[in-house]
2 protein chains.
Amino acid sequence: MPNGIKVPMPTLERLANYLTIFSDLKIRNVETVSSADLESRAGINAAQFRKDLSYFGEFGRPGIGYNVNELQARISRILNLQKTQSVLLVGAGNLGAALAGYHPLRTENFQIVAAFDNNPNKIGKQLWDLTIQDIDEIISVNKVLQARIGIIAVPASAAQETAERLVSANVVNILNFAPTFIRIPSNVTVRHIDFLQELAVLSYYLPEDD
Amino acid sequence: MPNGIKVPMPTLERLANYLTIFSDLKIRNVETVSSADLESRAGINAAQFRKDLSYFGEFGRPGIGYNVNELQARISRILNLQKTQSVLLVGAGNLGAALAGYHPLRTENFQIVAAFDNNPNKIGKQLWDLTIQDIDEIISVNKVLQARIGIIAVPASAAQETAERLVSANVVNILNFAPTFIRIPSNVTVRHIDFLQELAVLSYYLPEDD
DNA sequence: TAGATTGTTAATCGATTAACAATC
DNA sequence: TAGATTGTTAATCGATTAACAATC
C-alpha cells in the first residue's frame, strides 16, 4: 500500500466483487480490459473502479487498460487471499453444515479447519470431512490450528457467548450469522450476515397491491 | 408515510435491526425507552435512531421516550412484516435446506412456501415439510401461491437463469445467495448475500504476523 | 415549574461522480 | 502523431452527527 491511509469500507466490499468478475473474464480468455469494458460487461461504475484501485497503487496503463491476470493477482494479495486462510466454525446445525460444505469457499482460498458445537449429541459426529468438537476445547484446539477467522452459526441466544469464546481462542475476525448484535473488543472485526434483515428490506419494497 | 420521499438504504437496513432490539426489550419487560437508553443498551446511535424514525412520522413523546410495543408494531408495519410473506426457494442443496429449516424466518413472518430444483434426483423428495418441485413448474405453481419474494440458492453458474425464471413467475424481490452478479429488470429489487465477499473483507483486516 | 427527551434543522463528514492532464 | 484510457483532483451528492427549539 503506497499511502498508509484509510480505505473506505464500500471500496473494500467492492474489491471482492471485482475478483469474481476477473475470474469470469479469465474463463472467457479476456486478457486486457478497460474500466469502460468492465462497466458495460459487469455493471460496475468505471470511475468508481479506478478510484477504488487508486487506494492501492497503479494497476493499468493509460490508453491500454488493465491486464486481467495482474489485476486478479494484486487484488487477491491485498485481501490476503493469496494463501489459504484457516477458519473456525462454531455451530454444527443446518447452517453450519451448509457453510462447511460450501465449495466456493475453497476456490477463494478459505478452509474451515474445525467445527465446534456444545450439543453432546453432535460432538464426535462427522460434518463432511470434519469431526465436530466440543466448544469447550476451542482454546486448546486453536493453539494448534492458529486460525484467525471464526464463523458464528449458532442461535441468537448463544451468539454473544460464542463470540467471547472465539476471542478467547485468539480469533480476531468474526463472521456472525446469528440474528443479533454482538459486543466484541475493539481489536476484533465483525461482519454480520443477517438473512432476516435482508428479507425485511426486500419486504419493504413489496408492491402494496392487496 | 407522511412525506412521500426517499428513505436512505442504510436507514432501511437499520430498521430491521431495531426490530430485533425491541423484541429483546419486550422479553425484559421494558415498556418505555429513550433513544439514549437504546444507545447505551444496544450500541446504536441515538441521533441516528431518531433521524431514521423521522422518515416515517413521529413515534415518541418529548420528555418521555418511546413505547416499545408501539415502536415494534409500527416499524413492523412499515416493513410489511405485519402479515406473513410467502417466499419461493430455488435450489434445494445444502444452503437451500438450511434456509428452509431456518426457524427465525417464521418468527419474523416469512414463510418459504415452495422449493424448486432442476435436479431430477431431488424433484419429488422432501425438504422438511416441502416437496421439492421441478423448476419448470415455477410459473404455474406461483400463479396459485402468489409469492412476491424469491431466494436464489443455486450455484453461481445457474444464478442468472434462476433470476429470470423467478421474474417470469412474477417475483419482484430477490435475495441472491449465489456469488455472482445478476441482471434483472429495473422493477425488481435484488439483495445480495455473499459469504465470500464478507470473508474477503475480514481477510483484509488480518494482522500480517507471518 | 424544572428536567428530560423528542423531532428537525443545520453543520460536518465521507463517498460517489465528473472532469481532465498525464501518458501509453 | 492521434486516439484511448489511466490515475487523480475537484465538484457533487448524500448520509451522519450535532445542536436546539418544541413539548411532554
Side-chain angles (χ1 to χ4, degrees), chain A residues 1-18 21-22 25 30-72 74-75 78 197 201 204, chain B residues 1-18 21-22 25 30-72 74-75 78 197 201 204:
Chain A
M1 235 173 303
N3 48 9
I5 8 174
K6 30 74 220 221
V7 180
M9 182 56 76
T11 290
L12 228 37
E13 292 171 347
R14 284 190 293 263
L15 286 187
N17 242 301
Y18 296 157
I21 295 170
F22 303 152
L25 291 173
V30 179
E31 288 183 1
T32 307
V33 278
S34 68
S35 56
D37 288 344
L38 287 167
E39 176 153 327
S40 59
R41 278 170 170 276
I44 70 170
N45 180 289
Q48 190 169 66
F49 178 78
R50 298 200 303 276
K51 179 73 174 173
D52 283 343
L53 294 188
S54 74
Y55 293 99
F56 305 99
E58 307 194 349
F59 292 72
R61 283 201 296 169
I64 310 291
Y66 303 87
N67 176 281
V68 176
N69 272 314
E70 189 197 338
L71 221 37
Q72 188 185 46
R74 289 182 60 192
I75 294 185
I78 289 164
Q197 176 178 301
V201 171
Y204 174 80
Chain B
M1 237 172 302
N3 47 11
I5 9 175
K6 31 71 227 222
V7 180
M9 183 56 78
T11 291
L12 229 37
E13 292 170 348
R14 284 189 294 263
L15 286 187
N17 242 301
Y18 296 157
I21 296 171
F22 303 153
L25 291 173
V30 178
E31 289 183 359
T32 307
V33 278
S34 68
S35 57
D37 287 345
L38 287 167
E39 176 153 329
S40 59
R41 277 168 171 278
I44 69 169
N45 180 288
Q48 191 168 67
F49 177 77
R50 297 200 303 277
K51 180 73 175 171
D52 284 343
L53 293 188
S54 74
Y55 292 100
F56 305 98
E58 307 193 349
F59 291 71
R61 282 201 294 168
I64 310 290
Y66 302 88
N67 178 281
V68 176
N69 272 314
E70 190 197 338
L71 221 37
Q72 188 185 46
R74 289 182 58 191
I75 293 184
I78 289 164
Q197 176 177 303
V201 171
Y204 175 80

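Only this structure's heavy atoms are used, side chains among them; waters, hydrogens and symmetry mates stay out.
For the atom pair OH (Y55(B)) and NZ (K6(B)), the distance works out to 6.5 Å, reported to the nearest 0.5 Å. The CG atom of L71(A) sits 3.5 Å away from the CZ atom of F22(A) when rounded to the nearest 0.5 Å. Taken from CZ in R50(B) to OG in S34(B), the straight-line distance is 9.0 Å, to the nearest 0.5 Å. Separation of atoms CD1 (I75(B)) and CG (L15(B)) is listed at 5.5 Å; rounding is to 0.5 Å.
As a whole-Å value, the separation of F59(A) CZ from dT8(D) C1' is 15 Å. Atom CD of E70(B) is separated from atom P of dT6(C) by 13 Å (rounded to the nearest Å). A straight line from CG of N67(A) to P of dT5(D) spans 15 Å, rounded to a whole angstrom. In this structure, R14(B) atom CZ and dT17(D) atom C1' are separated by 11 Å, rounded to whole Å.
Applying the side chain to side chain donor-acceptor pair (under 3.5 Å) test to N67(B) and every residue at least two apart in sequence or in another chain returns nothing. Partners of E70(B) according to the salt bridge (Lys or Arg N to Asp or Glu O under 4.0 Å) rule, which considers only residues two or more places apart in sequence or in another chain, are R74(B). Residues passing the side chain to side chain donor-acceptor pair (under 3.5 Å) test with N45(A), sequence neighbours excluded: none. Applying the ring-ring contact (aromatic ring centres under 6.0 Å, His included) criterion to Y18(A), with sequence neighbours excluded, gives F49(A).
The side chain of P10(A) lies closest to dT16(C) when the candidates are dT16(D), dT8(C), dT16(C).
Sorted by first and then second residue, the salt bridge (Lys or Arg N to Asp or Glu O under 4.0 Å) pairs with a member in residues 38-49 of chain B form an empty list; sequence neighbours excluded.
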Distances under 3.5 Å between nitrogen or oxygen atoms of protein and nucleotides 21-24 of chain C:
from: dC24(C); atom 1: O4'; to: P62(A); atom 2: O; distance (Å): 3.4
from: dC24(C); atom 1: O3'; to: R61(A); atom 2: NH1; distance (Å): 3.1
from: dC24(C); atom 1: O2; to: P62(A); atom 2: O; distance (Å): 3.4

Can you give each donor-acceptor pair under 3.5 Å made by side-chain atoms of residues 7-14 of chain A, sequence neighbours left out, with the distance rounded to 0.1 Å?
from: T11(A); atom 1: OG1; to: D52(A); atom 2: OD1; distance (Å): 2.8
from: E13(A); atom 1: OE2; to: R191(A); atom 2: NH1; distance (Å): 3.2
from: E13(A); atom 1: OE2; to: R191(A); atom 2: NH2; distance (Å): 2.7
from: R14(A); atom 1: NE; to: D52(A); atom 2: OD2; distance (Å): 2.7
from: R14(A); atom 1: NH2; to: D52(A); atom 2: OD1; distance (Å): 3.0

| message | Let me check I have this right: for DNA chain C, each base becomes ., (, ), [, ] or |, based on Watson-Crick or G-U pairs with both distances under 3.5 Å. What is the full string? | response | ..||||||||||||||||||||||
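At the phosphate of dG7(D), OP1 or OP2 sits under 4.0 Å from a side-chain N or O atom of Y66(A).
The minimum heavy-atom distance linking I21(B) with A42(B) is given by the pair CD1-CB, 3.6 Å. Residues T32(A) and V68(A) share a closest heavy-atom pair of N-CG2, 4.2 Å.
A donor-acceptor contact closer than 3.5 angstrom links the side chains of N17(B) and Q197(A).
Non-hydrogen atoms lying under 4.0 Å from DNA chain C are contributed by R50(B), K51(B), all within residues 46-53 of chain B. Only S34(B), S35(B), listed by number, bring a heavy atom of residues 33-45 of chain B to less than 4.0 angstrom from any atom of DNA chain C.
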